[in-house]
Amino acid sequence: MSDGIPPTGPGAAHPAAGGPTSRPSVIQLVFREKGALYAAYIPLFTEGGLFVPTTRGYKLGEDIYLLLSLPDDPQRYPVAGKVAWITPANASGGRTQGVGVRFPADEKTRALKLKIEEILGTSISSSKPTQTL
């Protein structure tokens, strides 16, 4: 059909309606050690956040869905975050390529932020370098 009307029906892609082009990517992040969690955690974000090493190109504000596993915790935590900063390939200082993901401001994620900060304990205020800001 060439009548200028976009196709509809089960096979039609409608990005604004959640079609394939608007679905956020899903990244599984597994932290087996407290040190790795410390290096990735971003306490500067009010809601909390994590650095995600990735070579995929993201844009600021892009949705990103994390499946997060914390040290000594069998549960996986789903987080629907947004890309808040980007560390490009070949960044100065030998920093790892990836993105900073800001957690959403909701109750479930607030509880996750508290859990991460509880795991990190006093090391959260350490001066040890991290992969973050």
Side-chain angles (χ1 to χ4, degrees):
M1 289 202 242
S2 59
D3 55 8
I5 300 171
T8 58
H14 295 285
T21 53
S22 66
R23 201 168 62 221
S25 61
V26 177
I27 294 181
Q28 288 193 46
L29 264 186
V30 178
F31 292 101
R32 289 187 174 83
E33 300 166 5
K34 190 165 101 170
L37 181 60
Y38 168 78
Y41 182 61
I42 309 167
L44 289 173
F45 291 156
T46 307
E47 301 84 16
L50 288 168
F51 175 78
V52 179
T54 179
T55 54
R56 180 173 167 214
Y58 285 95
K59 294 181 180 73
L60 288 175
E62 191 171 337
D63 291 326
I64 189 166
Y65 194 78
L66 304 178
L67 281 175
L68 183 61
S69 297
L70 299 174
D72 304 318
D73 186 344
Q75 187 175 343
R76 289 199 326 187
Y77 299 91
V79 178
K82 290 207 179 287
V83 174
W85 104 74
I86 298 167
T87 302
N90 307 315
S92 64
R95 294 197 331 267
T96 305
Q97 180 179 358
V99 294
V101 177
R102 182 172 37 89
F103 291 171
D106 61 34
E107 268 318 301
K108 217 163 70 173
T109 312
R110 200 166 291 122
L112 175 61
K113 176 185 192 258
L114 291 173
K115 183 163 187 63
I116 290 171
E117 292 180 353
E118 186 181 306
I119 290 168
L120 294 177
T122 56
S123 67
I124 203 162
S125 57
S126 165
S127 59
K128 281 194 326 197
T130 69
Q131 295 174 319
T132 69
L133 303 169

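Note that the structure is a prediction, hence the values are computed from the model and not measured.
At least one side-chain heavy atom of Arg102 sits less than 4.5 Å from a side-chain heavy atom of Glu47.
Of all heavy-atom pairs between Pro104 and Gly81, the closest is CD-CA, 4.3 Å. What you find for Lys34 and Leu120 is that their closest heavy atoms are O-CD2, 3.8 Å. Nearest heavy-atom pair, Ala84 versus Phe45, reported as atom, atom and distance to 0.1 Å: CB-CZ, 3.5 Å. In terms of heavy atoms, Lys59 sits closest to Val83 at O-CB, 3.5 Å.
Following chains of ILVMFWY side-chain contacts shorter than 4.5 Å, one can reach Val101 starting from Leu60, so the two form part of one hydrophobic cluster. Phe51 is not connected to Tyr65 by any chain of hydrophobic side-chain contacts under 4.5 Å among Ile, Leu, Val, Met, Phe, Trp and Tyr, and they are in different clusters. A continuous path of hydrophobic side-chain contacts links Trp85 to Leu44 [ILVMFWY only; heavy atoms under 4.5 Å].
Between Ile116 atom CD1 and Leu68 atom CG the span is 5.5 Å, to the nearest 0.5 Å. The distance from atom CG of Asp73 to atom NZ of Lys115, rounded to the nearest 0.5 Å, is 4.5 Å. Rounded to the nearest 0.5 angstrom, Tyr58 OH and Ile64 CD1 are separated by 3.5 Å. Residue Lys113 holds its NZ atom at 4.0 Å from OH of Tyr41, rounded to the nearest 0.5 Å.
More than 12 heavy atoms of other residues, nucleotides or ligands sit less than 6.0 Å from atom CD of Gln75.
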* Take Arg110 and Glu107, measure what salt bridge (charged side-chain N to carboxylate O under 4.0 Å, His left out) needs, and give me the verdict at the end. => CA-CA 5 Å; Arg110 200 166 291 122; Glu107 268 318 301; 2.4 Å; yes
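A side chain to side chain contact (heavy atoms under 4.5 Å, CB included) with Arg76 is found for exactly one of Leu66, Leu70, Leu67, namely Leu67.
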